[in-house]
Colleague: 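I am attaching a structure below and will ask some questions about it afterwards.
As a basis for the values below, the full set of heavy atoms in this structure was taken, side chains included, without hydrogen atoms, waters or symmetry mates. Just so you know, ligand 1 is whichever comes first in the structure, and atom 1 is the first atom listed for that ligand.
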Amino acid sequence: MMQVPLVDLSRQQSQIADQIREGFNRVIAESSFILGPQVEEFEELWANYCGVTQAVGVGNGTDAIELALRAAGIGPGDDVLIPANTFVATAGAVMRTGASLVLADCDDNYLISVDDVQRQITPNTRAVIGVHLYGQAAPIELLRAGIGTDIVLVEDAAQSQGARRYGKRAGSLGTVGATSFYPGKNLGAYGDAGAVMTDSEEIGNAVRRLRNHGGTAKYEHPEVGFNSRMDSLQAVVLSAKLALLDEWNAQRARAAERYTELLSDVEEIVLPQVAEGNEHVYHLYVVRVPRRDDVVAQLNASGIGAGIHYPRPVHIHRAYAGLGYSNGDFPRAEQFAREIISLPLYPGISMDEVQYVADTLRRAVSSR
Ligand SMILES: *Cc1c(COP(=O)(O)O)cnc(C)c1O
């Protein structure tokens with residue numbers, strides 16, 4: 001029986017092993033472990049890649065979202081709108097700023113619904129976070145048109161490294177972007193790391209202060225900050241991998257296209273769509289099926305590592321019960337959470353593996 005894991009990071013390693021070893025040796029020789037020259041080097045590469053003037057390396061993606069919000073002046077008394085169907089980190093980052101969390105439903109592409117955002121906007125709404133879920137950008141320019149120019153528009157670009165919308169990279173579309181370099185992301189470190197991207201020098205400088213204890217210079221601390229700095233070793237990994245990101249994203253897209261080809265005639269399966277203007281980087285290939293748990297069990301029994309991203313929307317977690325929402329408030333997000341499956345997808349996945357997964361899925365949804 002073939003074994004196809006949900007992700008296999010090991011297939012990327014051989015392409016970058018030498019460069020990483022040399023880079024690590026340099027960091028060790030220089031003892032430049034935190035915010036060293038390697039971090040500055042990566043920040044510059046990443047800013048250029050995203051098409052922004054400022055990229056600030058931080059400790060992880062959740063901190064990146066929180067720091068982006070705080071640097072844009074969001075805090076207690078402000079309402080921040082996010083989609084109900086996201087990883088809980090988006091919600092947690094908002095809560096930690098002291099702002100009030102407000103949820104919106106999603107559209108058919110699993111992206112925040114512009115209509116629902118417009119319905120929920122109040123004079124207290126100070127920020128909206130578009131989550132570029134599964135690898136395609138949320139409709140940031142439509143959100144902007146719908147909410148006006150005074151509201152801070154944040155991109156959660158953790159799942160969308162390299163994605164484009166009307167030619168512009170994820171992370172350069174809103175007021176400020178935040179991303180995660182968790183190992184499993186399209187651009188992943190060898191541990192935790194993240195970044196904030198923006199064209200605003202003011203926001204960029206605020207994040208630089210906040211990530212390092214609110215300092216402006218050594219032992220000068222005008223504000224209370226965090227310890228959320230990027231490690232130089234992670235920056236070495238990220239710079240080496242960034243050179244291959246487009247190639248790896250193209251491999252993901254080819255595998256995704258093949259899944260779509262192989263499964264498009266199966267009536268029971270809802271395949272992912274690409275929204276107009278989007279270049280999708282397929283962090284995840286997510287389909288919807290009837291009797292989902294049963295189908296996942298059959299995939300697993302055939303050696304296939306299917307995933308569910310995510311089994312519950314934000315308001316269904318106990319941590320967020322205090323928001324006062326209940327089951328039924330976000331019908332699409334709730335329905336999708338019951339039906340979604342993430343199929344194996346990673347750079348280096350073979351077309352035989354894709355075929356095996358597609359054949360097994362086809363059989364699983366047709367059997368009763
Ligand atoms: C991974 C992820 C995060 C959090 O990133 P960490 O680096 O794990 O803190 C936030 N939002 C989304 C959508 C993610 O996928």
Colleague: Identify the protein heavy atom lying closest to atom 14 (C) of ligand 1, giving its residue, its atom name and the separation to 0.1 Å.
Modeller: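 Protein heavy atom with the smallest distance to atom 14 (C) of ligand 1: Lys185 NZ, 3.1 Å.
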Colleague: Between Asp156 and ligand 1, which part of the residue brings a heavy atom under 4.0 Å of the ligand: side chain, backbone, both or neither?
Modeller: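 Within the 4.0 Å criterion, Asp156 contacts ligand 1 through side-chain atoms alone.
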Colleague: Using a 4.0 Å cut-off to any heavy atom of Gly61, which atoms of ligand 1 qualify?
Modeller: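 What qualifies from ligand 1 is 5 (O), 6 (P), 7 (O), 9 (O).
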Colleague: To check your reading of the model: name the closest protein heavy atom to atom 9 (O) of ligand 1, its residue, and the distance in Å.
Modeller: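 Looking at atom 9 (O) of ligand 1, the protein heavy atom closest to it is Thr62 OG1, 2.5 Å.
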Colleague: Who's the nearest protein heavy-atom neighbour of atom 8 (O) of ligand 1, and how far?
Modeller: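 Closest protein heavy atom to atom 8 (O) of ligand 1: Ser180 OG, 4.1 Å.
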Colleague: Compile the donor-acceptor pairs under 3.5 Å between side chains in residues 319-327 and protein atoms, sequence neighbours left out, one pair per line.
Modeller:
unit_1, atom_1, unit_2, atom_2, d
Tyr320, OH, Gly92, N, 3.1
Tyr325, OH, Leu103, N, 3.0

Colleague: Examine the side chains of Gln38 and Ser32 and answer whether a donor and an acceptor come within less than 3.5 Å of each other.
Modeller: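 Side-chain D/A pair, Gln38 to Ser32: present.
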Colleague: Give the atom numbers and elements of ligand 1 that come within less than 4.0 Å of a heavy atom of Ala89.
Modeller: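 Here the atoms of ligand 1 in question are 3 (C), 4 (C), 10 (C).
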Colleague: Distance under 4.0 Å to a non-hydrogen atom of Thr90: what atoms of ligand 1 satisfy this?
Modeller: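 Once the distances to Thr90 are compared, the set is 11 (N).
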Colleague: Can you tell whether the side chains of Asp265 and Arg362 come within less than 4.0 Å, N to carboxylate O?
Modeller: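 A salt bridge links Asp265 with Arg362.
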Colleague: Testing Glu279, His132, Glu141 for side chain to side chain donor-acceptor pair (under 3.5 Å) with Arg165, which one passes?
Modeller: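 The residue from Glu279, His132, Glu141 that satisfies side chain to side chain donor-acceptor pair (under 3.5 Å) with Arg165 turns out to be Glu141.
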Colleague: Got a second to check how far Leu6's CG is from Leu299's CG, nearest 0.5 Å?
Modeller: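 If we round to the nearest 0.5 Å, Leu6:CG and Leu299:CG are 11.0 Å apart.
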Colleague: Decide whether an N or O pair under 3.5 Å exists between Thr86 and ligand 1.
Modeller: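 No, no N or O pair falls under 3.5 Å.
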Colleague: Measure centre to centre between the rings of Phe42 and Phe181, then say whether the value is under 6.0 Å.
Modeller: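 Here the rings of Phe181 and Phe42 have centres that are less than 6.0 Å from each other.
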